[in-house]
Amino acid sequence: MNAEQLRQKILRLVAVGIMLTGLMVGGISIVQLYRETDRQAEILELTAPVIKGQDLSAILSTYEILFSTLFITLLILVAGMLLVTRAIRPLLDKMDHINQQRQISEQKLRHLVEYDQLTGLPNWSQLHVRLGERLNLAENDPLRQFSVLFINLNRFKAVNESLGHEAGNQVLRQVAERLKLLLPKDDLLARASGDEFLMCVQVYQGKPDIEAIAKAIIASLKQPFRINEKMVYLDSTIGISLFPDHAPDAETLLRNADAAQAHARQLGQGRYQFYEKDMSAQNLERFELETDLRGALERGEFEVYYQPQLDLDTGSISGAEALIRWNHPTRGRVPPVQFISIAEETGLIHPMGEWVLEESCRQACIWQAQGHFLKMSVNLSALQLNNGDIVNVVRDVLSRTGLESRWLELELTESYLFENFARSARVLKRLRLLGVSLALDDFGTGYSSLSYLRRLTLHRLKIDRSFVKGLPDDPGDLAIVNTIFAMAKSLSLEVVAEGVETQKQHECLVALDCKTNQGYFYAAPESAASFQQRLSQLKIANQY
């Protein structure tokens with residue numbers, strides 16, 4: 001190798017090394033120097049100290065091997081990266097797809113956690129979050145009030161039991177759509193639970209503004225719902241609490257609205273009620289009563305009382321109405337008005353009602369064994385009648401007690417009969433085939449008409465006590481009672497007047513040719529033992 005070849009080789013090796021390592025010599029890039037052919041001598045001069053006194057051939061061989069190896073390694077790495085990238089591209093694409101699916105799944109899971117799947121409305125947990133945010137905004141505006149309307153659907157459980165859960169779901173979806181139409185812009189609507197909804201509304205006018213919304217909700221939900229070609233009728237009750245008047249935070253605001261709604265429900269259907277301070281205590285009392293009620297039947301705390309029904313023609317006892325009483329171990333006697341509604345809401349009315357039916361039929365058999373034959377009247381709630389098994393329940397009770405069906409009368413409510421008239425008529429027909437008598441209780445307060453009554457298989461009408469109370473001085477009550485008697489006569493139905501409390505009322509009903517009366521004027525409801533003593537002192541109507 002001559003000097004010129006050696007010089008060119010050194011330059012090439014140094015250039016490759018600099019390309020790979022980026023070294024600088026004397027602060028000047030050797031790559032740059034190499035490209036400038038007129039400075040090649042300078043490159044040799046700069047590199048001379050490095051190789052001075054060394055075996056130039058050995059140095060060149062080492063550099064050549066080193067740089068060749070590095071260059072080949074670099075090529076292998078680049079090629080390997082290209083190959084690996086190409087090989088793992090499908091895997092990377094698949095990972096991207098998995099990440100996208102994971103994000104979609106997370107969004108769906110978040111929606112499941114935060115929203116009601118049936119109505120698409122925010123659920124209870126999401127309501128808390130949003131309500132807290134809105135209360136924070138309301139705190140900064142002293143002129144702005146924030147209210148919560150707790151909306152409960154009445155008789156919704158009867159829809160599920162009579163038409164099925166899918167029909168109930170359709171009703172809930174329609175309720176949600178109606179409430180959306182009434183929701184003020186930018187306010188919040190949520191589904192709290194099965195038949196409960198919450199509306200959170202910002203207001204500037206106070207109670208009058210909220211009352212207008214509450215009235216609109218009640219009127220809207222009172223309109224019939226069309227479900228599978230059937231018309232379903234519901235009512236609603238609404239509890240209202242205001243921020244900051246009634247509560248300083250979201251949790252208390254919701255709890256107070258619930259307490260107000262419970263109070264509105266006790267007052268009757270189709271009502272709204274603003275929260276008042278003592279309602280929370282009443283709600284707690286109701287909760288404790290419900291807890292005690294759940295075990296009362298097993299503990300033997302219930303008792304059946306009997307109120308006599310008198311035949312005015314003979315002056316004898318012709319029948320008795322069975323009425324449940326609760327002897328609480330610490331509260332004493334709990335009035336039915338306080339626990340019957342709780343029993344209906346919790347479903348406890350079914351075992352309680354069957355127990356009353358069996359106990360009263362058994363007692364009637366005992367009195368018959370003593371020679372006292374009288375008809376036993378037992379109330380059935382709408383929930384019991386909506387239970388598809390009620391006919392079998394009555395049949396089984398009669399079989400277990402041995403009471404002949406002709407001595408049992410079942411009292412029904414107007415609201416039940418006319419909520420679903422076709423179904424009611426079928427159930428009454430099946431009950432009548434058992435041989436029992438059927439009476440329409442609290443007549444005159446509901447939806448009855450002559451055309452409906454004509455199509456039902458009833459035996460007696462019981463005039464509601466609210467009409468008897470005004471006799472004989474109230475012309476309106478007198479006219480209503482006269483109309484009821486005329487209607488009953490045209491349909492060949494017997495009439496029983498309830499709630500007779502005075503001599504004047506008794507005399508008026510006798511003059512109207514009422515055959516059977518019941519009320520405190522004759523006797524209060526009493527225990528089986530007391531009633532038996534009364535039987536021994538009075539004549540029993542000869543009905544056999």
Side-chain angles (χ1 to χ4, degrees), residues 235 267-271 306-323 335-337 374-375 377 379-380 382 409-419 421 424 428 437-525 538-539 541 543:
D235 273 316
L267 296 177
Q269 300 175 358
R271 293 175 178 265
Y306 303 90
Q307 186 171 35
Q309 297 173 344
L310 269 69
D311 184 325
L312 298 186
D313 285 340
T314 64
S316 61
I317 298 176
S318 60
E321 181 178 358
L323 302 165
V337 68
L374 65 160
K375 183 161 288 186
S377 296
N379 291 278
L380 294 182
E409 179 178 74
L410 300 176
E411 296 190 10
L412 321 169
T413 61
E414 283 187 89
S415 60
Y416 161 73
L417 294 179
F418 300 102
E419 270 181 16
F421 183 81
S424 302
L428 296 192
S437 299
L438 301 173
L440 189 57
D441 196 17
D442 300 333
F443 184 73
T445 60
Y447 317 97
S448 297
S449 69
L450 186 61
S451 61
Y452 278 135
L453 291 175
R454 187 169 47 83
R455 295 163 58 189
L456 294 173
T457 54
L458 298 171
H459 296 86
R460 295 207 289 185
L461 301 179
K462 298 190 73 174
I463 303 175
D464 185 70
R465 64 184 66 248
S466 62
F467 302 119
V468 175
K469 185 177 182 180
L471 298 179
D473 302 322
D474 189 315
D477 287 344
L478 187 59
I480 290 173
V481 172
N482 268 311
T483 301
I484 292 173
F485 275 108
M487 181 184 294
K489 184 176 181 180
S490 67
L491 297 172
S492 300
L493 297 174
E494 299 177 21
V495 177
V496 178
E498 291 186 289
V500 181
E501 297 180 352
T502 67
Q503 180 71 32
K504 285 186 176 182
Q505 292 169 354
H506 166 77
E507 291 173 353
C508 179
L509 290 166
V510 170
L512 291 172
D513 199 25
C514 183
K515 300 298 183 183
T516 308
N517 282 2
Q518 175 183 341
Y520 278 75
F521 177 71
Y522 310 106
L538 297 173
K539 295 183 295 180
Q543 302 180 39

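Everything quoted here is computed from the prediction, not taken from an experiment.
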K.L.:
Are the side chain of Ser318 and the backbone N or O of Gln309 linked by a donor-acceptor pair below 3.5 Å?
P.N.:
yes
K.L.:
I need the Leu458 CG to Leu491 CG distance, nearest 0.5 Å.
P.N.:
9.0 Å
K.L.:
For the atom pair NZ (Lys504) and CG (Asp473), what is the distance rounded to the nearest 0.5 Å?
P.N.:
5.5 Å
K.L.:
Ignoring hydrogens and geometry beyond distance, is a side-chain donor-acceptor pair present between Gln505 and Glu501 at under 3.5 Å?
P.N.:
no
K.L.:
Nearest heavy-atom pair of Cys508 and Leu478: which atoms, and what distance?
P.N.:
SG-CD1, 3.8 Å
K.L.:
Any ring-ring contact (aromatic ring centres under 6.0 Å, His included) pairs touching residues 479-513, not counting sequence neighbours?
P.N.:
His506-Phe521, His506-Tyr522
K.L.:
When rounded to the nearest 0.5 angstrom, what distance separates CG in Leu512 from CD1 in Ile484?
P.N.:
11.0 Å
K.L.:
If you round to the nearest 0.5 Å, how far is CG of Leu374 from CD1 of Ile317?
P.N.:
7.5 Å
K.L.:
Can you see which heavy atom on Pro308 is nearest to which on Gln518, and at what distance?
P.N.:
O-CG, 3.7 Å
K.L.:
Listed by chain and number, what are the side-chain contact (heavy atoms from CB on, under 4.5 Å) partners of Asp474, not counting sequence neighbours?
P.N.:
Asp477
K.L.:
Quick one, Leu471 and Thr502 - any side-chain contact, counting heavy atoms below 4.5 Å?
P.N.:
no
K.L.:
Could you pull out all residues at least two apart from Asp513 that satisfy salt bridge (charged side-chain N to carboxylate O under 4.0 Å, His left out)?
P.N.:
Lys515
K.L.:
Answer yes or no: is there a side-chain heavy-atom contact under 4.5 Å between Glu494 and His459?
P.N.:
no
K.L.:
To the nearest 0.5 angstrom, please state how far the OG1 atom of Thr516 sits from the CG atom of Leu310.
P.N.:
8.5 Å
K.L.:
Between Glu321 and Lys462, does at least one N-O distance fall below 4.0 Å, as a salt bridge requires?
P.N.:
yes
K.L.:
If you look at every heavy atom in Leu461 and Ala488, which pair is closest and at what distance?
P.N.:
CD1-CB, 4.0 Å
K.L.:
Return the minimal non-hydrogen interatomic distance between Val468 and Gly499, and the atom names on each side.
P.N.:
CG1-O, 4.0 Å
K.L.:
Would a 4.5 Å heavy-atom cut-off, applied to side chains only, mark Leu412 and Leu428 as touching?
P.N.:
yes
K.L.:
Minimum heavy-atom separation for Gln307 and Ala523, please, with both atom names.
P.N.:
NE2-O, 3.0 Å
